[in-house]
Number of protein chains: 2
Amino acid sequence: MSDRPADDTGLRARKKRARADAIVDAAQRLVLAHGFDAVTVEAIADAAGISPRTFFNYFESKDDAVLGQASFDLDAGFRGEFVAGGPTGRLTADLEVLAAALLGAVAGSGPHAPARVLELMQAEPRLLACHFAWFERHKNQIEDLFAERHSRQPLPTDPATCTMVVFVLVRAALDDWDAGGRRGDVTEHLPAVLAKIAAVVNA
Amino acid sequence: MSDRPADDTGLRARKKRARADAIVDAAQRLVLAHGFDAVTVEAIADAAGISPRTFFNYFESKDDAVLGQASFDLDAGFRGEFVAGGPTGRLTADLEVLAAALLGAVAGSGPHAPARVLELMQAEPRLLACHFAWFERHKNQIEDLFAERHSRQPLPTDPATCTMVVFVLVRAALDDWDAGGRRGDVTEHLPAVLAKIAAVVNA
DNA sequence: TGCAACTTTGCATCAAGTGCAATATTGAGT
DNA sequence: ACTCAATATTGCACTTGATGCAAAGTTGCA
């Protein structure tokens with residue numbers, strides 16, 4: 001029913017969601033325990049209670065499953081606001097907000113999610129490559145945002161460079177959070193990281 | 001013999017170098033012609049005149065072969081100079097010089113090398129991931145450079161952020177060169193790209 | 001010329017990943 | 001409650017990437 005609450009979806013959809021979560025959870029636990037190469041798709045599928053064939057109905061690759069990489073779509077409200085020059089009205093602050101949204105998608109939910117993803121990427125370089133590939137897949141979406149905003153109120157430079165800076169903020173915030181002992185939320189590091197980058201390029 | 005000229009190495013070393021070049025050349029030509037997935041390791045090995053097993057003696061993966069990714073080591077002279085505050089004495093200009101050295105390693109030699117690598121990465125997202133993974137593998141080496149320089153004359157911020165900026169310069173210069181019609185040398189775009197990034201973070 | 005060192009290669013193997021089709025499950029209408 | 005369409009799961013065969021082992025071949029050096 002169209003008026004059914006979002007969390008009251010059909011059994012099929014709920015099972016699908018639960019299965020995807022089970023796969024990611026199993027994948028991450030097993031890889032953290034045994035190392036990426038030692039863990040097979042068959043082992044992950046077993047732990048998640050599905051067949052290996054089904055595994056590939058949910059994720060394109062073992063890498064994707066381990067990172068739990070979801071499609072990322074910006075909230076329509078956020079898009080409208082950003083394009084109109086918001087949410088803060090100042091570009092650098094708005095970059096931080098956008099970077100925070102991306103961090104939410106990259107790191108996922110749950111209290112230990114960022115730590116877990118970071119630990120996995122640190123342990124497995126190839127997952128880091130996957131992480132970057134995810135960024136590139138979403139680059140166009142972000143760039144379009146900047147292009148629209150630019151058409152209303154000119155940005156200091158082209159949308160491509162703005163997009164690049166956002167991705168660097170995400171990356172640098174994760175590293176800074178890690179270097180700072182992983183306390184608090186990753187997004188809290190965005191202002192400091194932006195200041196550091198400014199210090200370098202203005203030297 | 002230790003006093004043998006660099007280009008007068010043994011037959012074995014020369015054949016090894018030639019084989020590696022033949023593999024990369026074959027890989028790039030075949031992938032550009034047929035697409036990454038349609039080209040097998042066996043086909044590349046055939047075209048390069050070696051066995052598939054030998055292919056894996058030269059490159060860890062098909063991806064690495066297609067990108068022709070070489071180990072990158074900074075010239076000892078350059079290292080000494082950079083660490084001492086050179087080559088220009090101004091950090092941002094020195095970042096550009098360092099980024100240019102990296103571009104040389106990433107894009108390889110030959111007049112069409114940058115265009116070819118860029119084209120491959122544009123056509124195959126997974127090669128882009130590989131490209132980033134290469135950066136991450138060399139991150140420590142670059143970060144060490146900054147750490148040493150920092151110990152003599154403090155940088156505006158930590159070596160990790162400086163390293164991140166260098167990598168962004170490399171990436172953005174490639175994109176800028178592409179967007180500008182691929183004329184001239186990629187390294188010529190570094191100053192403009194640095195200025196653009198500065199414009200964004202200072203907005 | 002002979003031998004050590006190194007490289008190439010064939011082969012068997014494992015694992016990731018895919019297409020196809022049979023079987024199972026769920027949703028919707030009556 | 002039943003039926004059927006739509007969708008998902010699964011088994012299987014297969015291709016390809018990648019690896020370890022050891023035999024055979026090539027190169028360097030005395």
With the sugar-phosphate defined as primed atoms, P, OP1 and OP2, and the base as all remaining atoms, what B/S/- string results for nucleotides 10-17 of chain C, 5' to 3', for protein heavy atoms under 4.0 Å?
BB---SSB
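In this structure, B:Ile44 places its CD1 atom 12 Å from C1' of D:dT16, rounding to the nearest Å. At whole-Å resolution of the value, CZ in A:Arg19 and P in D:dT7 are 16 Å apart. The distance from atom CD1 of B:Ile50 to atom P of C:dT9 is 7 Å, rounded to the nearest whole Å. Summarising the geometry, the separation between CZ on B:Arg14 and P on C:dT7 is reported as 16 Å, rounded to the nearest angstrom. If you measure from atom CG of A:Asn57 to atom P of D:dA6, you get 20 Å, rounded to the nearest angstrom. Across the protein-nucleic acid pair, B:Ile23 atom CD1 and C:dT7 atom C1' stand 13 Å apart, rounded to whole Å. If you measure from atom CG of A:Leu11 to atom P of C:dG27, you get 5 Å, rounded to the nearest angstrom.
Side chain of B:Trp177 to backbone of B:Gly184: a donor-acceptor contact under 3.5 angstrom is found. Judged by distance alone, with hydrogens and angles left aside, the side-chain atoms of B:Asp176 form no donor-acceptor pair with the main-chain N or O of B:Ala172 at under 3.5 Å.
Of all the heavy atoms in A:Pro159 and A:Phe146, the pair that sits closest is CB-CB, 3.7 Å.
A salt bridge links A:Glu148 with A:Arg79: the closest approach of a Lys/Arg side-chain nitrogen to an acidic carboxylate oxygen falls below 4.0 angstrom. Ion pairing of B:Arg116 with B:Asp25 is present here, as a side-chain N (NZ or NE/NH1/NH2) and a carboxylate O approach within less than 4.0 Å.
Judged by distance alone, with hydrogens and angles left aside, A:Arg12 brings a side-chain donor or acceptor within reach of the base of C:dT25, the pair sitting under 3.5 Å.
Note on A:Tyr58: only backbone sugar-phosphate atoms sit closer than 4.0 angstrom, heavy atoms only; bases stay farther off.
Under the side-chain contact (heavy atoms from CB on, under 4.5 Å) test applied with B:Arg171, the options B:Leu102, B:Leu103, B:Val193, B:Leu128 reduce to a single match, B:Leu128.
Each of C:dT8, D:dT27, C:dT25 was ranked by its minimum atom distance to the side chain of B:Lys15; first place goes to D:dT27.
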